[in-house]
Amino acid sequence: MTNRMPVLFLAHGNPMNALADNAWTRAWKSIGERLEKRPAAVLAISAHWYVPGVAVTSSPHPRTIHDFGGFPKALFEMQYPAPGSAQLVERVAALLAGTQVSNDETWGLDHGTWSVLCHVFPEADVPVVQLSIDETKPPQWHYDLARRLAPLRDEGVLIVGSGNIVHNLEAAAWGDGRSKAHDWAERFDALAAEFIERGQHQPLIDYEALGGDALLSIPTPEHYLPLLYALAARQSGDALTFPTSGIDLGSISMRSIAIG
């Protein structure tokens, strides 16, 4: 019997999901309830910390960042006071030896992290460290970096990528979340799911070669790259499921992935 932790890619979508009770948020809650072992900590890779360089949140009490606008007051009042983890910060630096990793006490937990973890761990009692996404590096670099983090799974750390496989805000139908999905969004979401199920990661790393549907689905890479961090940690024999799916607002994939 293994103590290896699973890996998650959670499609966070609209920040209002933090307050919502819907099929997606109930699935995230179920993930937390079904974990066989409580994580020692969470390493989160969120689309919303996309900066030059690699950094980790090193504050013992990371702040809740409300990095959005135009939403109800209740969302801005929400807090997710999970503690940090100095031990995980040190371990990430050791695993990524040779890559400069900065300790950042000013960043905290952005909504890509807390809007999903508030459902997975509603008591905010599991330590959380965020890892930035280096905006200067190509997808292959991110996948290779993430593979170096895979040993964390055997050390009680839950790796959580938070983003969206399809994320095109310019094409979103903000007035009606029930709007029909764009054909290209549905096609690319389904194609990505096929590659994920088959364990074929290279086409997903080289997504720009997949054509027009991919380019429309990923006009900018920050919401897509957390997927690669999750896939890179998959081990031989890991089970794989899609706890959530569907297209929100016509152009936002809500496909989440549970590995292991």
Side-chain angles (χ1 to χ4, degrees), residues 7-15 17 24 44-54 67-68 110-113 115-116 130-147 159-174 177 179-234 240 242-259:
V7 180
L8 303 176
F9 172 74
L10 301 180
H12 64 254
N14 191 325
N17 284 321
W24 302 318
I45 302 93
S46 164
H48 295 278
W49 198 16
Y50 185 61
V51 293
V54 180
D67 49 336
F68 41 67
D110 60 53
H111 82 269
T113 292
S115 70
V116 292
Q130 270 199 222
L131 175 72
S132 71
I133 301 174
D134 188 342
E135 67 181 13
T136 71
K137 303 298 186 182
Q140 184 69 61
W141 184 92
H142 289 285
Y143 183 85
D144 294 341
L145 183 84
R147 286 182 63 84
I159 299 172
V160 179
S162 178
N164 301 93
I165 293 174
V166 176
H167 187 269
N168 188 324
L169 290 183
E170 290 190 0
W174 289 105
S179 294
K180 183 180 183 300
H182 293 285
D183 291 344
W184 48 264
E186 289 187 321
R187 286 194 300 264
F188 184 73
D189 181 65
L191 178 64
E194 289 181 15
F195 285 131
I196 292 165
E197 287 182 313
R198 295 172 185 167
Q200 295 177 304
H201 297 170
Q202 198 60 49
L204 295 168
I205 296 167
D206 301 327
Y207 69 88
E208 290 181 328
L210 294 176
D213 289 349
L215 298 178
L216 284 169
S217 298
I218 313 168
T220 57
E222 76 286 340
H223 277 76
Y224 181 80
L225 290 173
L227 170 69
L228 301 185
Y229 279 81
L231 295 181
R234 188 178 185 184
L240 185 144
F242 299 124
T244 66
S245 60
I247 305 293
D248 193 21
L249 304 173
S251 63
I252 309 293
S253 168
M254 293 302 294
R255 183 178 300 280
S256 296
I257 303 162
I259 296 169

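Atoms considered below: every heavy atom in the structure, side chains included; atoms not considered: hydrogens, waters and symmetry mates. Position 1 is the first residue of the sequence; numbering continues from there.
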For the side chain of [X] and the backbone of [Y], is there at least one donor-acceptor N/O pair under 3.5 Å apart?
X    : Y    : value
S253 : N164 : no
Q130 : D110 : yes
D67  : H111 : yes

Which atom pair, heavy atoms only, marks the closest approach of [X] to [Y]?
X    : Y    : result
G250 : A185 : O-CB, 3.9 Å
A47  : P226 : N-CG, 3.9 Å
S256 : T244 : OG-OG1, 2.7 Å
W184 : S251 : CH2-CB, 3.9 Å

CD (E194) with more than 12 external heavy atoms under 6.0 Å =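 More than 12 within 6.0 Å, yes.
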ask   = Within a radius of less than 6.0 Å around CZ of R187, do more than 12 heavy atoms belonging to other residues, nucleotides or ligands occur?
value =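 Yes, because the 6.0 Å sphere around CZ of R187 holds more than 12 heavy atoms from other groups.
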Roughly how far, to the nearest 0.5 Å, is [atom2] of [Y] from [atom1] of [X]?
X    : Y    : atom1 : atom2 : answer
I205 : L231 : CD1   : CG    : 8.5 Å
H182 : I247 : NE2   : CD1   : 10.0 Å
L228 : I133 : CG    : CD1   : 9.5 Å
D134 : W141 : CG    : CH2   : 5.0 Å
N168 : F188 : CG    : CZ    : 12.0 Å
S46  : L225 : OG    : CG    : 11.5 Å

key: With W24, the side-chain contact (heavy atoms from CB on, under 4.5 Å) member among L10, D248, V116, N14   =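 Result: among L10, D248, V116, N14, D248 is the only option passing the side-chain contact (heavy atoms from CB on, under 4.5 Å) with W24.
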Student check: side-chain heavy atoms of F242 and I196 closer than 4.5 Å =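 The answer is yes; the side chains approach within 4.5 Å.
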inquiry  = I want to check something: taking the side chain as every heavy atom from C-beta on, are L145 and Y229 in contact at a cut-off of under 4.5 Å?
reply    =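 A side-chain contact under 4.5 Å exists here.
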ask   = So H201 and Y143, would you call those rings parallel, tilted or perpendicular, with 30° and 60° as cut-offs?
value =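 It falls in the perpendicular class, over 60°.
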Distance-only polar pair, side chains of H12 and S162, donor-acceptor under 3.5 Å =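 Looking only at side-chain atoms, S162 and H12 do form a donor-acceptor pair, the distance falling under 3.5 Å.
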query = Taking atom types as modelled and ignoring hydrogens, do the side chains of H167 and Y224 form a donor-acceptor contact shorter than 3.5 angstrom?
reply =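 No, Y224 and H167 have no side-chain donor paired with an acceptor closer than 3.5 Å.
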key: Full working for side-chain contact (heavy atoms from CB on, under 4.5 Å) between I165 and I218   = CA-CA 8 Å; I165 293 174; I218 313 168; over 6 Å; no
request  = Evaluate the side-chain contact (heavy atoms from CB on, under 4.5 Å) criterion for residues W49 and T113: first the C-alpha distance (whole Å), next the side-chain angles of each, then the deciding distance (0.1 Å), finally the verdict.
outcome  = CA-CA 10 Å; W49 198 16; T113 292; over 6 Å; no
key: E222 and H48: CA distance, side-chain angles, deciding distance, side-chain contact (heavy atoms from CB on, under 4.5 Å) verdict   = CA-CA 7 Å; E222 76 286 340; H48 295 278; over 6 Å; no
